[in-house]
Every structure is written in C-alpha cells, then in structure tokens.
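Every chain is numbered from 1 and lettered A, B, ... according to where its sequence line falls, protein lines coming before strand lines. What's counted below: heavy atoms across the whole structure, side chains too, no hydrogens, waters or symmetry copies. Everything numeric here is computed off the predicted structure, so don't read it as measured data.
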Amino acid sequence: LVTYNSVLQIFSKAGKFTEALDILAKMEREGIIPDAFTYNELAASYARAGLYEEAAALLDKMANKGIKPNFVTYTTLIHGYGNAGMIEKALHLFENMKKSGCPPSISTYNTVIAILGKKRRLNDMMDMLEEMRNYGCAPNRVTWNTILAMCGKQGMEKSLDRVYEVMMNHRVEPDRDTFETLITAYGRCGSTEDALKMFDEMLKSGFTPRITTYNAVLNAIARKGDSVAANSVINDMRNKGFKPDKISYSLLIQCYAKEKNLKGMEKIEKGVYSGKIYPSWIILRSLIIANFKCRHLEGTERAFHEVQKNGYKPDLVILNSMLSIYARNGLFEKGKEIFDLIKKLELKPDLVSYNCLMDMYAKGGEPWEAEQVLNGLTGIKPDVVSYNTVINGFCKQGLMKEALRVFSQMLREGLQPC
RNA sequence: UCACUUUACUUCUGU
C-alpha cells in the first residue's frame, strides 16, 4: 500500500492525473484498499491544479468507502479552495471540519491564516490567530513566516518590522525560509537596504544561501531597476557555483524593463533567441511583458512570436498585452487578429480584453463602435475603465454630447467617476 | 507514503 501511495504521489506531483487515477484503479483491481493517504495525495494534486470541485468530491468518495477524512484531508481541501480564491467555501469547510469532530491542526490554522492574508482580510486573520491561541495552539515558525510574507505582499513595512520584532521576542528561531521570506518581503516594501541586511543576517546565522536566496535578493534589487547591482548578484552566484535559472533571468529582464534599458534587454534576447539561454515559458513571457512596459512594439511582437514558435499557449495576460499595445499603436487589424486568436485558443476574453478592444475603437476614431462593444457585453459588468474609454473616444471626436450621455449612463449604473 | 509558509512575471482608460 505504501509503495502504491508513493508511486501515486509521484504522478500527482507531476500533474499526471490519468496516470494517478490508473494507479488507484490498479490498486482496487489487486485488492489493495486505498487508505486516507491515498485520497489525501489525490486531493492535493487536484488542489494544486485548481480543481477544487474534483478535490472536494473526494470527501464523498471517502465516505462511501468508509474512510474517515482526517485533518490532512481537510487542510488540503481548504488550501485548494483558497488557491482558487473561493475563500467563503474554504472558511465554510473549516467550520464543517470542526463540527464533524475533526480537530484542526496547526497546519490547518496556518492554511486559513494564509488564505485570509492573501485576501487582505487582516481583521479576520487576527481573529483567527486569536482563536488559534484560545484553542491552545501556539503559532509555529510557519505561522510567523506566513505573517511576514503577508506583510511584504501588502507592502506594510512598519508591520513587517513589528512582526519580525515580536517573533524575535517570542524566541522563535528564524530558519532559512524565514530569511528568504524577509528578504522578499522587504524587497516588496521597496526597502532594498533592509532586504540586503536580512541576507547578511542569514549568512551570520550560519545558513548557506541557495539559488532561491539569490533570486530573492535579485528580486529586491530588480524592483529598483538597478541593473548594475543585479548583474553583480548574478556574478556572485556564479562564483558560488550557482547557474542563474529561469527566474534569475526573468528578474534581470524585469530589472531592465524597470530601468527602461532596452539595450540590456536585447542582450538577454540575443541569448534566448540564439538558444544560448533556454527559451522557457517564464523567460519568454517576461520578455513580452518587459517590452510591453517599455512600449516597444517590435520587441513585444518578437517575443510573442517566439512563444508560439516554441509551442507555448499564450495566456490572457499575454494576449491582453498584445491587444493593448496594438490599440496604442493604432494597429487595428492586428488587434482583431489577437481577438480571434483568443477565441481560437478557447480562452474567454475578460473585461480587460474588452476594454482594450474598446480602446482600439476609441483611439481609431470610432467611438460608436466602442460604445457598441460596451453595450453588447454579456455576462461581464463594465467597470469605470470601460466607461472612461468610451467617453474618451467621444471626447476625442469632439462629440461632447455623446460623451455626457455615456457619462450619465455610467452614473445610472452606480459607478463612481474618478 | 499525504497537507500549511518560504525566489519571477499580472495585462486595460484619463492626467
């Protein structure tokens, strides 16, 4: 049974569902009864892939087979809901878990806290910490790391300082993950100095950096667009025997973009397009976004072309960026092609896509067409950007009356002008 | 043999 579970785990981690399910079927054929581990592993792999419904369905399946879900099962499923942004479902399942007599573990609390933090529900998060304490569960290092990471993502530098201080006062020993979290968190708050300080602290505490550590440092530097410093980190890591990976390159690209340093970007592009640097999805995607941010049409198109050439399926962020840059350059036909491509790829244009489409008409001197798109939206609620786009289109043509008409329509929809 | 934190990118209007 353990052997089967291990094999199943390998397929699960690789995202190979069919193979994983084959293992399950094989177990049943051979009379090996799957246990909670088996189902938990399956649940985790569904959760990782964002298939929360399939994951949740396993609860019923387990019940049918007479296997009691344990706290790992619940934690996994709660995590799955959280990943998919289904926060209410996650909290609901957490309540059900307690009601069903399955006591939450510290990991369950950590999961819930992470979900609340991601959704910026800070008060609920504090409540959950309180509940956890009352429950007799002391925060562990993962809990602290979670809170530190959250402070960083929200850019709350003061809180970050404070939480770190409190953590120290509680005599919680930071580990390598803690330091990496701190480096990233300070970087996100815009404080490269503190990020570098944390890197020093980490070394002083006797931890050996890994590639993720260097990337965390690189991240802090890249946000400032200091490519000289970034390249010196790359050199450092090379000297320590680490080869920059795709994330390192991606960070370097972002750094150049921030700096509006097209020359620097070209240097990497040359490496990627000549095959010296492996054209991974992450790198090509970064190149599109970086060129897009620099409003560099040619570079954006080139990178987009490479994505397709290498057999990757562009996602909506990429396609919307293409729509946007074509709108900005008045390349109507190309924009239409992207819109068709979205459908051909069986993706659903989202509000951003439609806003770009409207912008294309608005900038092309066809505000009426833009308004038609606006009024033709089904299943998507236009937002302030949509209205602003159309209003702007009319204004550009000097059609103030029409602009005002759309403006009042927007007010009627209950949208606040800005 | 399973779960929680921990390195990249996140796109649209106006000024």
Side-chain angles (χ1 to χ4, degrees), chain A residues 1-10 12 35-45 47 70-80 82 105-115 117 140-150 175-185 187 210-219 222 245-254 257 282-283 285-290 292-293 315-325 327-328 350-359 362-363 383-393 395 418:
Chain A
L1 175 62
V2 172
T3 314
Y4 275 103
N5 283 346
S6 304
V7 175
L8 192 137
Q9 147 97 320
I10 290 166
S12 290
D35 63 359
F37 280 74
T38 319
Y39 284 103
N40 289 345
E41 281 166 6
L42 272 177
S45 78
N70 57 25
F71 69 91
V72 174
T73 321
Y74 282 109
T75 305
T76 307
L77 296 178
I78 291 170
H79 183 235
S105 81
I106 176 120
S107 300
T108 319
Y109 276 107
N110 288 341
T111 304
V112 175
I113 288 167
I115 292 173
N140 63 9
R141 201 156 46 201
V142 171
T143 322
W144 287 102
N145 291 351
T146 306
I147 299 170
L148 290 171
M150 188 229 91
D175 63 355
R176 189 160 56 174
D177 289 342
T178 309
F179 282 115
E180 275 177 16
T181 306
L182 283 164
I183 294 168
T184 307
R210 9 168 213 199
I211 186 144
T212 51
T213 318
Y214 285 105
N215 285 342
V217 173
L218 209 45
N219 175 26
D245 66 2
K246 50 195 170 187
I247 292 183
S248 320
Y249 281 116
S250 164
L251 286 162
L252 197 53
I253 292 165
Q254 288 161 52
I282 285 179
I283 291 179
R285 192 182 141 99
S286 302
L287 282 174
I288 293 180
I289 294 169
F292 169 77
K293 283 194 170 149
D315 64 8
L316 256 193
V317 173
I318 289 180
L319 293 160
N320 287 344
S321 303
M322 296 309 295
L323 277 175
S324 171
I325 201 164
R328 207 175 281 148
D350 62 5
L351 186 55
V352 175
S353 326
Y354 285 111
N355 286 345
C356 289
L357 184 65
M358 287 184 246
D359 191 37
K363 288 214 167 71
D383 64 359
V384 188
V385 175
S386 326
Y387 281 100
N388 285 351
T389 307
V390 176
I391 291 169
N392 183 245
C395 288
C418 53

In whole angstrom, give the distance that lies between atom [atom1] of [X] and atom [atom2] of [N].
{"X": "Met358(A)", "N": "C12(B)", "atom1": "CE", "atom2": "P", "answer": "15 Å"}
{"X": "Arg141(A)", "N": "U5(B)", "atom1": "CZ", "atom2": "C1'", "answer": "11 Å"}
{"X": "Asp383(A)", "N": "U13(B)", "atom1": "CG", "atom2": "P", "answer": "12 Å"}
{"X": "Tyr39(A)", "N": "U1(B)", "atom1": "OH", "atom2": "P", "answer": "21 Å"}
{"X": "Trp144(A)", "N": "C4(B)", "atom1": "CH2", "atom2": "P", "answer": "22 Å"}
{"X": "Tyr74(A)", "N": "C2(B)", "atom1": "OH", "atom2": "C1'", "answer": "16 Å"}
{"X": "Ile289(A)", "N": "C12(B)", "atom1": "CD1", "atom2": "C1'", "answer": "14 Å"}
{"X": "Ile391(A)", "N": "G14(B)", "atom1": "CD1", "atom2": "P", "answer": "13 Å"}

Among [options], which is the nearest nucleotide to the side chain of [X]?
{"X": "Val352(A)", "options": "U5(B), C12(B), U7(B)", "value": "C12(B)"}
{"X": "Asn392(A)", "options": "U1(B), A3(B), U13(B)", "value": "U13(B)"}
{"X": "Thr75(A)", "options": "C9(B), U1(B), A3(B)", "value": "A3(B)"}
{"X": "Leu251(A)", "options": "U7(B), C4(B), U13(B)", "value": "U7(B)"}
{"X": "Asn110(A)", "options": "C4(B), C12(B), U7(B)", "value": "C4(B)"}
{"X": "Phe292(A)", "options": "U6(B), U11(B), C9(B)", "value": "U11(B)"}
{"X": "Ser250(A)", "options": "A3(B), U13(B), C9(B)", "value": "C9(B)"}
{"X": "Asn215(A)", "options": "G14(B), U7(B), U11(B)", "value": "U7(B)"}
{"X": "Val142(A)", "options": "U5(B), U13(B), A3(B)", "value": "U5(B)"}
{"X": "His79(A)", "options": "U11(B), C4(B), U7(B)", "value": "C4(B)"}

Check every strand shown and say whether [X] touches a base, only sugar-phosphate, or nothing at a heavy-atom separation below 4.0 Å.
{"X": "Ile282(A)", "value": "base"}
{"X": "Thr389(A)", "value": "sugar-phosphate"}
{"X": "Leu316(A)", "value": "base"}
{"X": "Thr212(A)", "value": "base"}

Spacing of [X] atom [atom1] and [Y] atom [atom2] [to the nearest 0.5 Å]:
{"X": "Ile10(A)", "Y": "Glu41(A)", "atom1": "CD1", "atom2": "CD", "value": "9.5 Å"}
{"X": "Ser107(A)", "Y": "Ile78(A)", "atom1": "OG", "atom2": "CD1", "value": "11.0 Å"}
{"X": "Leu252(A)", "Y": "Ile247(A)", "atom1": "CG", "atom2": "CD1", "value": "13.5 Å"}

Test side-chain hydrogen bond (donor to acceptor under 3.5 Å, both in side chains) on Asn320(A) and Asp350(A) and set out the steps.
CA-CA 9 Å; Asn320(A) 287 344; Asp350(A) 62 5; 3.2 Å; yes

Asn392(A) and Thr389(A): CA distance, side-chain angles, deciding distance, side-chain hydrogen bond (donor to acceptor under 3.5 Å, both in side chains) verdict
CA-CA 5 Å; Asn392(A) 183 245; Thr389(A) 307; over 6 Å; no

It should be established whether Lys363(A) places a side-chain nitrogen or oxygen under 4.0 Å from OP1 or OP2 of nucleotide C12(B).
no

For side-chain hydrogen bond (donor to acceptor under 3.5 Å, both in side chains), just list the numbers for Asn215(A) and Thr212(A), CA-CA rounded to whole Å, side-chain angles, deciding distance to a tenth of an Å, and then say yes or no.
CA-CA 5 Å; Asn215(A) 285 342; Thr212(A) 51; over 6 Å; no

